[in-house]
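Written out below as structure tokens is the structure these notes cover.
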Amino acid sequence: MADAAAELEEGGMVRTLKDLFAGAAGGVAQVLLGQPFDIVKVRLQTSTTYPNALAAAKSIYTNEGALAFYKGTLTPLIGIGACVSIQFGAFHQARRRFETYNTSKSPLNPGLSYAQYYASGAFAGIANSVISGPIEHVRIRLQTQPHGAGRLYNGPLDCVKKLSAHEGVLKGLYRGEAVTILREAQAYGVWFLTFEYLMNSDATRNKILRKEIPSWKIAFYGGLAGEALWLASYPFDVVKSKMQSDGFGKEMRYKSMSDCFRQTYRGEGLRGFWKGIAPTLLRAMPVSAGTFAVVEMTMRAIS
């Protein structure tokens with residue numbers, strides 16, 4: 001009995017490690033595909049200099065060169081790989097817990113409800129926020145700092161050190177963490193819910209197993225899930241970017257998350273919460289498609 005329990009636990013651990021590995025592979029794909037779009041999005045969210053995404057992209061290329069589109073990439077390349085690994089690992093861990101609970105209540109129907117899929121995704125987002133908050137803060141600081149001699153940070157580590165020097169790690173490096181948690185919970189709840197709904201619907205409609213769904217459909221459904229993610233969570237992301245690019249001390253404009261919401265609404269109206277949505281949605285389709293396709297194909301390869 002003890003051996004069987006140990007074997008089951010080992011099997012669970014192996015599955016979790018596979019989830020983490022596949023997620024890390026998807027995270028690398030996500031960063032390489034999405035970084036140029038992300039810097040344009042951040043510049044639009046945190047500045048009034050650019051009238052639209054095309055103008056922002058053109059200005060970045062003209063004034064800072066092509067490599068500027070990959071400013072601050074080292075941090076997310078390492079960090080987002082870990083983030084996506086955590087997202088998928090936490091999601092599947094929560095999903096398995098729900099399956100165990102459902103089996104105890106209804107052995108013939110252990111599948112998750114869509115509310116449970118959302119809850120699993122929200123749990124993954126909250127777990128992820130612990131590292132995504134400071135990683136994205138550093139990336140935003142590097143993306144929005146002056147170009148050339150006026151730059152403030154000499155790379156990610158210097159940025160972490162200087163941010164932590166402002167009122168400590170929690171108020172410095174972890175600035176904007178409350179709104180990050182809200183964004184991550186909503187975003188990944190919707191992300192995983194949408195993808196699982198589309199995959200399950202396809203399998204049921206065509207009377208096939210999930211593993212038989214072709215890769216192009218996985219990518220397409222992943223892309224649609226990415227669009228849903230941003231439409232459901234974008235206002236939180238705008239407030240997060242504003243707080244994480246704000247000054248310190250006397251130069252601080254936003255005292256809190258609620259203050260940032262209020263000032264954004266007073267100064268820009270509802271439109272202010274959707275600045276930069278066009279390049280974000282343009283980015284979401286290929287990035288999310290690539291993430292889910294790589295994760296799903298990696299899982300099939302190592303299973």
Side-chain angles (χ1 to χ4, degrees), residues 19-20 22-35 37-38 41 76 80-81 83-96 98 111-129 132 136 180 182-206 208-237 274 276-300:
D19 292 337
L20 293 172
V28 172
Q30 185 179 115
V31 172
L32 295 178
L33 288 167
Q35 187 71 359
F37 295 98
D38 191 70
K41 180 201 75 168
I80 299 302
C83 284
V84 179
S85 178
I86 289 172
Q87 289 162 18
F88 279 88
F91 171 76
H92 288 296
Q93 184 68 18
R95 177 182 60 77
R96 285 192 283 270
F98 276 125
L112 274 65
S113 68
Y114 286 111
Q116 289 175 327
Y117 276 125
Y118 176 86
S120 298
F123 170 72
I126 293 170
N128 174 61
S129 68
S132 69
E136 292 193 13
T180 299
L182 291 176
R183 186 201 67 172
E184 299 287 76
Q186 171 69 353
Y188 291 105
V190 170
W191 197 47
F192 282 109
L193 166 62
T194 303
F195 181 73
E196 294 299 326
Y197 171 77
L198 293 170
M199 291 287 284
N200 291 343
S201 297
D202 188 290
T204 301
R205 184 172 59 251
N206 295 300
I208 59 175
L209 298 174
R210 180 188 177 110
K211 65 182 180 181
E212 295 174 323
I213 297 175
S215 58
W216 70 266
K217 281 190 175 182
I218 295 170
F220 179 60
Y221 296 153
L224 293 178
E227 301 293 303
L229 178 156
W230 285 110
L231 289 172
S233 64
Y234 197 75
F236 292 117
D237 189 68
W274 297 96
I277 187 65
T280 301
L281 293 178
L282 186 64
R283 166 190 183 272
M285 178 63 80
V287 169
S288 187
T291 302
F292 273 111
V294 169
V295 169
E296 195 79 14
M297 292 299 102
T298 302
M299 284 299 297
R300 291 181 185 184

Would you say that Tyr117 contacts Tyr197 through its side chain, given a criterion of any heavy-atom pair below 4.5 Å between the two side chains?
no
Could you tell me if the side chain of Ile126 sits less than 4.5 Å from the side chain of Glu184, heavy atoms only?
no
Using a 3.5 Å distance criterion without hydrogens, assess whether the side chain of Asn206 forms a donor-acceptor pair with backbone atoms of Asp202.
yes
Lys217/Glu296 salt bridge by N-O under 4.0 Å criterion
no
From Ile213 atom CD1 to Leu198 atom CG, the distance as rounded to the nearest 0.5 Å:
9.5 Å
Is the distance between the ring centroids of Phe88 and Phe192 under 6.0 Å?
yes
Which atom pair, heavy atoms only, marks the closest approach of Gln116 to Gly111?
OE1-O, 4.3 Å
Interatomic distance, Tyr188 atom OH to Gln87 atom CD [nearest 0.5 angstrom]
4.0 Å
Looking at every non-hydrogen atom in both residues, tell me the closest pair between Trp191 and Ser288 and how far apart they are.
NE1-OG, 2.8 Å
Go through the steps for Leu231 and Leu281 under the test side-chain contact (heavy atoms from CB on, under 4.5 Å), then give the verdict.
CA-CA 8 Å; Leu231 289 172; Leu281 293 178; 4.1 Å; yes
Evaluate the side-chain proximity of Phe37 to Thr280: yes if any heavy-atom separation is below 4.5 Å, no if none is.
no
Chi angles and distances behind the salt bridge (charged side-chain N to carboxylate O under 4.0 Å, His left out) call for Arg183, Glu136:
CA-CA 13 Å; Arg183 186 201 67 172; Glu136 292 193 13; 2.9 Å; yes
Indicate the atoms forming the closest heavy-atom contact of Lys41 with Gly276, along with that distance.
CG-O, 4.0 Å
Between the CD atom in Glu227 and the CG atom in Leu282, the distance rounded to the nearest 0.5 Å is 8.5 Å
Could you pull out the closest heavy-atom pair between Ala124 and Ala90, with the gap in Å?
CA-CB, 3.7 Å
Exam field: side chain Asn200 to backbone Glu196, donor-acceptor pair closer than 3.5 Å:
yes
Can you tell if the side chain of Met199 reaches within under 4.5 Å of the side chain of Arg210, non-hydrogen atoms only?
yes
Please walk me through it: do Val84 and Asn128 pass side-chain contact (heavy atoms from CB on, under 4.5 Å)?
CA-CA 8 Å; Val84 179; Asn128 174 61; over 6 Å; no
Check: Thr180 and Ser132 side chains under 4.5 Å, non-hydrogen atoms:
yes
Could you tell me whether Arg300 and Glu212 make a salt bridge, using a distance below 4.0 angstrom between a side-chain N and a carboxylate O?
no
Taking the side chain as every heavy atom from C-beta outward, state whether Leu112 and Ser120 have any atom pair closer than 4.5 Å.
yes
Got more than 12 heavy atoms from elsewhere within 6.0 Å of CZ, Phe98?
yes
Does Phe195 reach the side chain of Phe292, with side-chain heavy atoms less than 4.5 Å apart?
yes
Asp19 bridged to Arg96 by N-O distance under 4.0 Å
yes
How far apart are the closest heavy atoms of Ala228 and Thr194, and which atoms are they?
CB-OG1, 3.6 Å
Would you call the rings of Tyr234 and Trp230 parallel, tilted or perpendicular if under 30° counts as parallel and over 60° as perpendicular?
perpendicular
